[in-house]
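Working notes, structure below.
This is a predicted model, so every value here is computed, not measured. By convention here, the first residue in the shown sequence is residue 1. Both ligands and their constituent atoms are indexed starting at 1 by order of listing.
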Amino acid sequence: MSESALYIVATPIGNLEDFTPRGIKTLSSVALIAAEDTRHSARLMAHFDIKTPMIAVHDHNERQQGQKIINSLAQGDSVALISDAGTPLISDPGFVIVREVRAAGYRVVPVPGCCAMVAALSAAGIASDRFAFEGFVPSKSQQRLNYYENLAAESRSLIFYESPHRIEASLEAIVTAFGADRPIVIAREITKTFETFLSGSAEEVLHQVQADHNQRKGEFVVIVQGAPQADASLLDADATRVLDILLEELSVKQASALASKITGVKKKVLYQAALEKKVD
Ligand code: SAM
């Protein structure tokens, strides 16, 4: 390796055959590997016969270890950052280090590979053109419910990470917040022996998970289909007339709010229609 750099290396999320040749080569050739959990990663290193020394980097020592990494880079050495599985920084440590290494003027190079949310979305059969990755949701039940409720009107597909001991309660909260009929997919143990994709309405998936304790084991990605977008073409003539008159005097926001009060049509539908009229 010519110029020293920090390499952000994605590792497998289950199936070791998913480790890329470039990822293996990078870990073998750097001077130091910063790993989330060195004991956990020791198995990966043994499997691929990688002998590079490791240091531990986790949420509580990122700043301090960042300085060690910068010192290595300053000596002309290259360093790799890995997490326990998948892509570092994606619901994993590393952001502070990447920011500080960049600020210190060194190259940061991605070595891409597995990422559970991308793998889940790629095979879920849920719209993948626009999505929001939310990572882990709050663990306390009321906070989690509020969190989901705030996302209920989001039209992009929503992606969450969930743990086995919370999956059932989390699905119950999804049914409450997004409605029993909202289509969802849960992707379990991706790339591993018991890989399973369950899909259907939120209520159907919850029942499948409740009925079979095996479906509560392992690691999960939960994908919730986005809320249907308001269809402005559904406005009737009366609502359109009211909106047109109000738009002559008021902003899009004010006109759609007032038109909603007058006509009883949903504010979101009127807002969308008002936006389209302004563009026309
Ligand atoms: N950095 C990782 C990535 O790129 O996906 C994610 C790390 S995060 C600490 C771990 C969470 O990712 C798990 O709790 C689970 O929600 C999800 N996950 C990781 N591996 C998975 C797999 N094989 N199948 C399903 N979900 C997985």
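Under the 3.5 Å distance criterion, with hydrogens and angles disregarded, no donor-acceptor pair is assigned to the side chains of Asn71 and Gln75. With 3.5 Å as the limit, one finds no donor-acceptor pair spanning the side chains of Gln225 and Arg182. A donor-acceptor pair shorter than 3.5 Å can be found between the side chains of Asp92 and Ser83.
Note: no N/O pair closer than 3.5 Å links Cys115 and ligand 1 by distance alone. Backbone and side-chain nitrogen or oxygen atoms of Tyr161 are examined, and one is located within less than 3.5 angstrom of a nitrogen or oxygen of ligand 1. At under 3.5 Å, not a single nitrogen or oxygen of Ala187, backbone or side chain, sits near a nitrogen or oxygen of ligand 1. For Ala116, a nitrogen or oxygen atom sits less than 3.5 Å from a nitrogen or oxygen atom of ligand 1, counting backbone and side chain alike. By the 3.5 Å distance cut-off applied to N or O atoms, Phe136 is not counted among the residues near ligand 1. Checked by distance only, ligand 1 and Ile90 come closer than 3.5 Å through their nitrogen or oxygen atoms.
Distances from atom 8 (S) of ligand 1 to the heavy atoms of Gly86, Ser91, Ser83 put Ser91 nearest. By heavy-atom distance, the residue among Val221, Asp92, Asp84, Ile190 lying nearest atom 22 (C) of ligand 1 is Ile190.
In the vicinity of Ala85, heavy-atom distances shorter than 4.0 Å reach the ligand 1 atoms 1 (N), 2 (C). Counting atoms of ligand 1 from 1 in the listed order, those under 4.0 Å from a heavy atom of Lys192 are 23 (N). Ligand 1 places these atoms under 4.0 Å from at least one heavy atom of Thr87: 1 (N), 3 (C), 4 (O). Listed by number with element, the atoms of ligand 1 under 4.0 Å from a non-hydrogen atom of Glu162 are 14 (O), 16 (O).
The heavy-atom pair separating Leu6 from Leu73 by the smallest distance is N-CD2, 3.9 Å.
When only non-hydrogen protein atoms are considered, atom 16 (O) of ligand 1 lies nearest to Phe220 O, 2.6 Å. For atom 21 (C) of ligand 1, the nearest non-hydrogen atom of the protein is Glu219 OE1, 3.6 Å.
No close placement of the Phe136 and Phe160 rings is indicated, their centers lying 6.0 Å or farther apart. Taking the six-membered ring wherever Trp is involved, the centroid distance between the rings of Tyr161 and Phe133 falls below 6.0 Å.
The stretch residues 154-174 participates, sequence neighbours left out, in these salt bridge (charged side-chain N to carboxylate O under 4.0 Å, His left out) pairs: Glu154-Arg156, Glu162-Arg166, Glu168-Arg216.
A donor-acceptor pair is defined here as one N or O able to donate and one able to accept, closer than 3.5 Å; no such pair exists between the side chain of Ser28 and the backbone of Lys51. Listed for the Glu219 side chain is no donor-acceptor partner under 3.5 Å among the backbone atoms of Glu189.
Distances shorter than 4.0 angstrom do not occur between any heavy atom of Ser163 and any atom of ligand 1.
In this structure, the separation between CG on Leu89 and CD1 on Ile8 is 6.5 Å, given to the nearest 0.5 Å.
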